[in-house]
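The figures here come from the full heavy-atom set of this structure, side chains too, leaving out hydrogens, waters and symmetry mates. Proteins come first, then strands; the chains are lettered A, B, ... in the order of their sequence lines, and each starts at number 1.
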Amino acid sequence: MDKPKFYITTSILYSNAKPHIGFALELLQADAIARWKRLQGHDVYFLTGTDEHGVKVYDKAIEQGKAPQTWVDEVAESVQTLIQRLNISNTDLIRTTDQKRHWPTAQRVWEKLVANGDIEMGHYSGYYCVNDEAYITKTEAESLEYANKKVIQLEEDNYMFKLGKYQDRLTKILEQPTFILPTHRVKEMLNFVNAGLTDISFSRPKEKLSWGVPVPGDDSQVMYVWPDALTNYISAIGYVDNPAKFKKYWPADVHVIGKDILRFHALFWPAMLTSIGEVLPKQILVHGHILSDGQKMSKSFGNVVDPVELIDRWGVDAVRYYLLREIPTLGDGDYSAIRFEEIYNSALANDLGNLVSRILMMAEKYCGDKVPASVSSVSLNPSWGVYQNHMDGLELDAALQSVLTMVSEGNKYIDTTKPWELVKTQPDAVGNDLYQMLESLRQISIMLYPFLPTTSDRIRRQLGLEPINPDAFDFVKETQWGGLLEGHQLGQSEILFPKQN
RNA sequence: CGCGGGGUAGAGCAGUGGUAGCUCGUCAGGCUCAUAACCUGAAGGUCGUGAGUUCGAAUCUCACCCCCGCAACCA
């Protein structure tokens with residue numbers, strides 16, 4: 001019995017700096033979706049990676065007195081650290097400097113594009129800053145940053161990709177209803193397309209850009225970012241060296257990206273795939289940017305937030321909760337230390353943590369640490385429908401919120417049923433009420449798994465249950481009411497989220 | 001100039017024609033199983049501005065103001 005496959009990717013981190021909180025957000029969104037799909041019985045392939053070529057990466061290495069390869073190795077290492085600290089369940093990590101795994105695909109795609117007449121030698125004309133030795137945009141050239149630097153307009157021979165040729169087809173692709181989330185971004189792209197697409201540079205002269213994938217058949221040119229970076233999504237799954245694997249996983253079910261690189265994923269990438277005769281990814285999930293106390297995060301403002309430091313301070317699941325719940329899945333969000341503490345204390349410590357704590361303490365006191373009998377029908381019903389709709393619609397923030405709503409209902413249920421009074425008058429009824437509470441915690445532990453896997457495990461341990469094994473999870477069975485059996489031995493209770501001041 | 005998004009209680013947001021909602025925070029009360037947690041209740045908004053359509057508009061139309069993003073080769 002083959003499981004249905006699910007292929008999800010993040011963008012690849014541009015290696016001119018160590019990973020930032022925005023990349024953490026992207027990893028987490030993809031991780032929550034990947035974990036959810038595994039619970040539902042999918043064979044999930046979850047790819048992330050690093051984009052390690054380009055002038056800026058090269059310059060950054062030189063600036064630090066390091067060989068480019070040494071520098072990108074360090075960045076890749078720090079991505080690995082972030083992945084581990086965030087508890088990301090990726091199955092693979094691709095690096096664009098990987099000459100065995102990645103280069104053959106980038107070059108094969110290039111050759112196909114050439115064979116189809118979609119890449120031809122042409123002229124690039126644009127702005128170039130001599131001081132920075134960097135290509136810049138028109139907007140940048142006119143900005144203050146370059147006012148005192150020497151900016152020239154240059155023309156050079158580049159291989160150009162005939163994007164303009166795909167204008168009509170791209171319009172049709174963009175009009176597919178769920179191709180891009182949120183949908184308003186489709187309009188942005190359509191406007192852009194309708195304004196007319198020009199061809200784009202796919203290579204640079206080697207003397208300007210040496211750190212990159214060589215263009216097949218032309219020693220004087222090196223691939224520019226698009227044909228190099230975008231092809232990571234297929235090189236990792238064996239486009240060249242493992243056709244069976246490629247056939248199994250392509251097309252991607254979801255590309256998770258930031259709004260800053262939508263154009264490349266919504267236009268360049270589909271055009272390239274169309275040209276080489278491959279089907280298109282099914283969906284692009286576009287998240288926003290994280291602001292820091294309402295301001296753009298930037299090194300010059302000194303308000304950059306390091307995700308690893310946050311984990312050190314608050315613990316991994318608190319960071320996961322903040323980024324997945326407080327940052328709107330499809331929009332910009334704000335990071336604020338004050339807000340973080342509020343959220344931690346109210347949602348995690350007071351609502352969720354305290355709920356678990358009070359239920360387990362009562363079970364210990366009133367039921368001898370064993371699951372009591374359930375004598376009535378369900379009276380604390382988990383709303384799987386709401387949760388599942390949000391999950392399937394990739395509304396992660398709303399899905400997580402719905403779990404917290406259940407937590408809140410649990411707290412109300414306790415206050416309404418007052419076990420501490422009932423135990424004096426109707427001990428049987430107490431057992432039944434506690435069954436409702438314990439079983440509802442079991443259900444919550446499942447709902448929490450995609451978002452807060454460690455917390456899910458810890459709740460289950462307290463219930464005397466095994467951690468969730470996503471690859472052998474019977475979704476229908478496990479989400480049915482009544483999984484906890486009478487007489488089952490509960491585990492040791494513990495504080496999930498100590499209150500912080 | 002243009003295109004897109006947005007302006008709703010102290011903060012963050014939901015709400016697309018019919019008596020303004022949610023979360024956090026604040027204040028008061030209740031409870032004591034619990035991490036001084038939890039539950040209940042209250043205060044707090046002329047829904048950016050002006051005009052129009054309508055029996056009735058946060059919700060539709062028009063004009064205007066403000067914020068953010070995009071505006072072609074920056075990941």
Mind checking [X] for me? I need base, sugar-phosphate or nothing, with any heavy atom below 4.0 Å counting as a touch.
| X | result |
| --- | --- |
| A/Y366 | sugar-phosphate |
| A/S357 | base |
| A/K365 | sugar-phosphate |
| A/D351 | sugar-phosphate |
| A/L404 | nothing |
| A/G126 | nothing |
| A/A347 | nothing |
| A/K412 | sugar-phosphate |

Partner nucleotide of [N] by Watson-Crick or wobble geometry (both distances under 3.5 Å):
| N | answer |
| --- | --- |
| B/G4 | B/C68 |
| B/G45 | none |
| B/G29 | B/C39 |
| B/G18 | B/C55 |
| B/A11 | B/U23 |

Expressed in angstrom and rounded to an integer, what is the separation of [X] atom [atom1] from [N] atom [atom2]?
| X | N | atom1 | atom2 | answer |
| --- | --- | --- | --- | --- |
| A/Q500 | B/A36 | CD | P | 13 Å |
| A/L348 | B/U23 | CG | P | 17 Å |
| A/Y124 | B/C73 | OH | C1' | 6 Å |
| A/I261 | B/G69 | CD1 | C1' | 16 Å |
| A/Y224 | B/A72 | OH | C1' | 11 Å |
| A/Q401 | B/G12 | CD | P | 17 Å |
| A/L496 | B/A34 | CG | C1' | 12 Å |
| A/R325 | B/C24 | CZ | C1' | 10 Å |

Assess the pair [X] and [Y]: is the distance between their ring centroids shorter than 6.0 Å?
| X | Y | answer |
| --- | --- | --- |
| A/W314 | A/F340 | yes |
| A/F264 | A/W226 | yes |
| A/F202 | A/Y159 | no |
| A/Y335 | A/H289 | no |

[X], nearest nucleotide to its side chain (from [options]):
| X | options | result |
| --- | --- | --- |
| A/R263 | B/G5, B/U35, B/A71 | B/A71 |
| A/W420 | B/G5, B/C33, B/A75 | B/C33 |
| A/L197 | B/C38, B/C24, B/A72 | B/A72 |
| A/M362 | B/C39, B/C33, B/A72 | B/C33 |
| A/E188 | B/U35, B/C73, B/G4 | B/G4 |

- Query: Is any N or O donor-acceptor pair between the side chain of A/N354 and the base of B/A34 shorter than 3.5 Å?
  - Reply: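 When only heavy-atom distances are counted, A/N354 does reach the base of B/A34 through a donor-acceptor pair under 3.5 Å.
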Would you say a side-chain N or O of [X] is under 4.0 Å from OP1 or OP2 of [N]?
| X | N | answer |
| --- | --- | --- |
| A/N191 | B/G2 | no |
| A/R339 | B/U23 | no |
| A/K56 | B/C74 | no |
| A/K259 | B/G5 | no |
| A/Y128 | B/C73 | no |

Nearest-Å distance once atom [atom1] is located in both [N] and [M]:
| N | M | atom1 | value |
| --- | --- | --- | --- |
| B/C31 | B/U46 | C1' | 40 Å |
| B/A42 | B/G7 | P | 27 Å |
| B/A20 | B/G44 | P | 15 Å |
| B/A28 | B/C33 | P | 24 Å |
| B/G45 | B/A9 | P | 10 Å |
| B/G69 | B/U23 | C1' | 27 Å |
| B/C64 | B/C70 | C1' | 23 Å |
| B/U61 | B/C22 | P | 28 Å |

Salt bridge check, [Y] against [X]: does any charged N sit closer than 4.0 Å to a carboxylate O?
| X | Y | answer |
| --- | --- | --- |
| A/D332 | A/K259 | yes |
| A/K165 | A/D118 | yes |
| A/R95 | A/D73 | yes |

### Task
Would you please classify the geometry between the A/Y344 ring and the A/F497 ring as parallel, tilted or perpendicular, with 30° and 60° separating the classes?
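If you compare the ring of A/F497 with that of A/Y344, the planes turn out perpendicular.
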Next item on the list: Could you pick out which residue, A/S408 or A/S125, lies toward the 5' side of RNA chain B when each is mapped onto its nearest nucleotide?
Entry: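 Whichever sits nearer the 5' end wins; that is A/S408.
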- prompt: Starting at the 5' end of RNA chain B, which residue's closest nucleotide do you reach first, A/H123 or A/R358?
  reply: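 Counting from the 5' end, the first nearest nucleotide belongs to A/R358.
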inquiry  = Is it the case that the side chain of A/Y435 and the backbone of A/L484 share a donor-acceptor pair, with hydrogens and angles ignored and the cut-off at 3.5 Å?
reply    =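 Such a contact is found between A/Y435 side chain and A/L484 backbone.
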